[in-house]
Every structure is written in structure tokens, then in C-alpha cells.
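To start, the structure itself, in C-alpha cells.
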Amino acid sequence: MTEQKVWFITGASRGFGLEIAKEALASGDKVVATVRKSPELLTSRLGNPDNLSVIILDVTNEQQAHEAAGQAIERFGKIDVLVNNAGYGILSAVEEATDKEVKENFEANVFGLLNVTRAVLPYMRKKRSGHVINISSVGGLTGIVGWGIYGSTKFAVEGLTEAMAKEFAPLGIYATTVEPGFFRTEFLDVTSLIRSSHVIDDYAETVGEMRSFATKVNKKQPGDPVKLAKAIVLIANAEKPPVHLPMGKDSLDLFKEKMELFNKDIETWYDVITGTDHDDVIS
Ligand code: NAP
């Protein structure tokens, strides 16, 4: 019999976080589901099982992150899988978003993720085991019109996770970055998505088109969050989990397109790229 894992999931009130919590519970594991408000609502929604603990956590509050991790340890004795899922999007041209909007998005998607990671890692390092799963985005793999600011927060998540995977390797801890395309959660709803109020007409053909597309595709996105949650449980149980997991064909296609263009630039500019070393460097 495999040992029950203990999950610590941020942003579990709805969307991916909720589905991952359900899937982990269904697999027989223990779950610490964290929410910004109304913990009793989620507890009753999940049927109040013994292997569930719902804890208040706004990831932008580092003190709260440490308290939540401490409460998780008190209740279940360990944390095996941390899912840094909490986050939200901004739909805006890079130029349109205000300084405040940009900083707030980084505060939740990047600094929040770091707050929680710093709070949980000491327990994983002590045990010399664990898995940090960061929910990034296809926007963290390639720049997309209208999603430049949001995507840049996820590019940060990519860089952090890739480095963590290498730093954790000798400690028996894994790190995975998950890059979903468009999935049918509340991500595009007004309750989640920020649309910049400052709209510049010159971006009508590019960002304007994306704004219309986002409205049209909401609730019709190709990705199924229940299937994504099953995939997360699968990689948490894998002997050698991946460092990257693009989710959905749309995500994979956009990444492949980026790689082709990237490789083309390398081919075209090879001599310039490799011609910058000092002449005394021995190749
Ligand atoms: P969602 O349905 O809008 O859920 C977002 C979750 O994040 C909610 O539980 C929300 O809590 C929580 N959250 C936001 N800011 C928070 C904060 N400061 N502290 C704690 N919780 C916070 O969207 P989702 O699609 O499930 O999004 C989950 C993750 O997937 C996000 O990181 C998002 O960037 C990423 N993602 C989603 C898609 C997609 O198409 N759905 C694609 C790529 C990546 P409240 O209920 O309290 O607001």
C-alpha cells in the first residue's frame, strides 16, 4: 500500500485548486486546501471528510503563509505536495496596464508563490522529500498579445521553477511547472480577470481582438479542469515527475511555434550570437 500523501493547495475555493483538492481527496490522500475567505463553505462543499483541512490564506500575506504551513504540519505532520495555484490574469496591452495593476499581479502570482514556497520548503527539506507544483501558464512559455503583463508573471514562475528543480535535486525534492492553455474555470470571469480600464485605440487590431476573443471563448475554453486535476495527481505519484508540463493542445502548439521561431533566429544569427566571446577564449 502506498503511503497517503499530504497536499497543500493554494487558491482552492474554485477552478483548478478546487478540482485538484477533489482529485487528491478521491485518491485517498490528505488535503490542506487554502482559501482567502469562507473556509466553512469549502469544507461543506467537499463533504467535510477527516482527511481535509481548510485554512485561510491570502498568498500575498507572508505571515499567514507561515501560519498556514504550521497549521498543516500540526494537523497532518508533513507536507508532501505543494500546489502553488492561486493567481489571476490581466488582459491588457503591456503599455496600457498601470504600475499598480502590474505590481499587484506580480504580488499575487510571483511574490505570493514565493511566500508560500518559503513557508513550506523547510518541512520538505527536513524530510528530504516533496514535490512543488507551480501552476504557470502557456503565457509563461511564449509572449501572447494582450497577456504580456500576466505572462511575464508566469515567465517568472518558469524561471523560478526551473532553478528550483536543479537546487532541489540533491535534496530529494521535485519541482514542476504546469503550463495550461485556455481551461474552463472562472479565470476569464469578471470575478477573476482584470481588464485594464486604460485602453489605447492604437492596439485595437491586436489587443482589442484578444479582448473580444476572451469574452467569446469564456465558458467554451477547450481545457477541462477536471482532467487537468487528474494529470496533477498523476505527476504527483510519478517516480520521476517532469519539470515542465504544458497542458492542452493549444498550449503545446503555441510553445512549438515559439521554439520554431526561436530556432530560426538562432540559425539566421548564429555567427553574431556566437561571435561575442573574447578572442583569447579557447573553444
Ligand atoms: P479561477 O477559477 O479564477 O481561480 C483562481 C483562484 O485563485 C481562486 O481560488 C482565487 O481565490 C485564488 N486567488 C487569487 N488571488 C489570490 C490570493 N492573493 N491569495 C489566495 N488565493 C488567490 O482561475 P483558475 O483558472 O482556477 O486559476 C488557477 C491558476 O491557473 C492561476 O494561477 C492561473 O493564472 C492559472 N491558469 C489558468 C488558466 C485557465 O485558462 N483557466 C490558464 C493558465 C493558467 P478567490 O476565490 O478568493 O478569488
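Whatever order the structure lists ligands and atoms in, that order sets their numbers, starting from 1.
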Top protein contact for [atom], by heavy-atom distance:
| atom | result |
| --- | --- |
| atom 4 (O) of ligand 1 | Arg14 CG, 3.9 Å |
| atom 18 (N) of ligand 1 | Asp58 OD1, 3.0 Å |
| atom 19 (N) of ligand 1 | Val59 N, 3.0 Å |
| atom 47 (O) of ligand 1 | Arg36 NE, 3.0 Å |
| atom 41 (N) of ligand 1 | Thr185 OG1, 3.0 Å |
| atom 5 (C) of ligand 1 | Gly87 O, 3.7 Å |
| atom 44 (C) of ligand 1 | Ser136 O, 3.1 Å |

Geometry only, no angles: is [X] polar-contacting ligand 1 at N/O separations under 3.5 Å?
| X | result |
| --- | --- |
| Gly17 | no |
| Gly11 | yes |
| Glu186 | yes |
| Phe16 | yes |
| Ser137 | no |
| Gly181 | yes |
| Thr60 | no |

Please find the pair of heavy atoms, one from Val207 and one from Gly146, that lie closest to each other, and give the distance. CG1-CA, 4.0 Å
Any idea which heavy atoms bring Gly140 and Glu158 closest together, and the distance? O-CG, 3.2 Å
May I ask you to list the atoms of ligand 1 that are less than 4.0 angstrom from any heavy atom of [X]?
| X | result |
| --- | --- |
| Ser13 | 8 (C), 9 (O), 11 (O), 45 (P), 46 (O) |
| Gly15 | 2 (O), 26 (O) |
| Ala86 | 7 (O), 13 (N), 20 (C), 21 (N), 22 (C), 32 (O) |
| Phe182 | 40 (O) |

Could [X] and [Y] be called an ion pair, given the rule that one side-chain N must be under 4.0 Å from one carboxylate O?
| X | Y | answer |
| --- | --- | --- |
| Lys219 | Asp189 | yes |
| Lys100 | Glu104 | yes |
| Glu19 | Lys230 | no |

Between the candidates [options], which shows the shortest non-hydrogen contact distance to [atom]?
| atom | options | answer |
| --- | --- | --- |
| atom 34 (O) of ligand 1 | Phe111, Tyr150, Tyr88, Phe183 | Tyr150 |
| atom 31 (C) of ligand 1 | Val116, Ile135, Asn85, Asp250 | Asn85 |
| atom 3 (O) of ligand 1 | Pro180, Ala33, Ser192 | Ser192 |

Structural part of [X] in contact with ligand 1, heavy atom criterion under 4.0 angstrom:
| X | answer |
| --- | --- |
| Lys154 | side chain |
| Pro225 | neither |
| Leu57 | backbone |
| Lys37 | side chain |

According to a hydrophobic-cluster definition based on side-chain heavy atoms being under 4.5 Å apart (Ile, Leu, Val, Met, Phe, Trp, Tyr only), do Leu193 and Tyr88 belong together?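 Result: no, two separate clusters.
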Is there a path of hydrophobic side-chain contacts, each under 4.5 Å between heavy atoms, that joins Leu82 and Ile20? no
Is it true that the side chains of [X] and [Y] contain a donor and an acceptor less than 3.5 Å apart?
| X | Y | result |
| --- | --- | --- |
| Thr43 | Asn48 | no |
| Gln71 | Glu67 | no |
| His244 | Glu162 | yes |
| Asn134 | Ser136 | no |
| His131 | Thr176 | yes |

If we check side chain to side chain donor-acceptor pair (under 3.5 Å) with Asn84, which of these qualifies: Thr117, Asn115, Thr10?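 Exactly one pass, corresponding to Thr117.
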Consider side chain to side chain donor-acceptor pair (under 3.5 Å). Of Glu96, Arg211, Glu95, which one does Tyr203 pass it with? Glu95
The single option from Arg128, Lys127, Lys5 passing salt bridge (charged side-chain N to carboxylate O under 4.0 Å, His left out) against Asp80: Lys127
I'd like to check Val81 versus Ile133 (side-chain heavy atoms, cut-off strictly below 4.5 Å). Are they in contact? yes
Using heavy atoms and a 4.0 Å limit, tell me yes or no: is Leu188 in contact with ligand 1?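 Distance cut 4.0 Å: Leu188 fails for ligand 1.
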If we only consider heavy atoms of Gly223, is any one of them less than 4.0 Å away from an atom in ligand 1?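 No; Gly223 lies far enough from ligand 1 that no heavy-atom distance drops under 4.0 Å.
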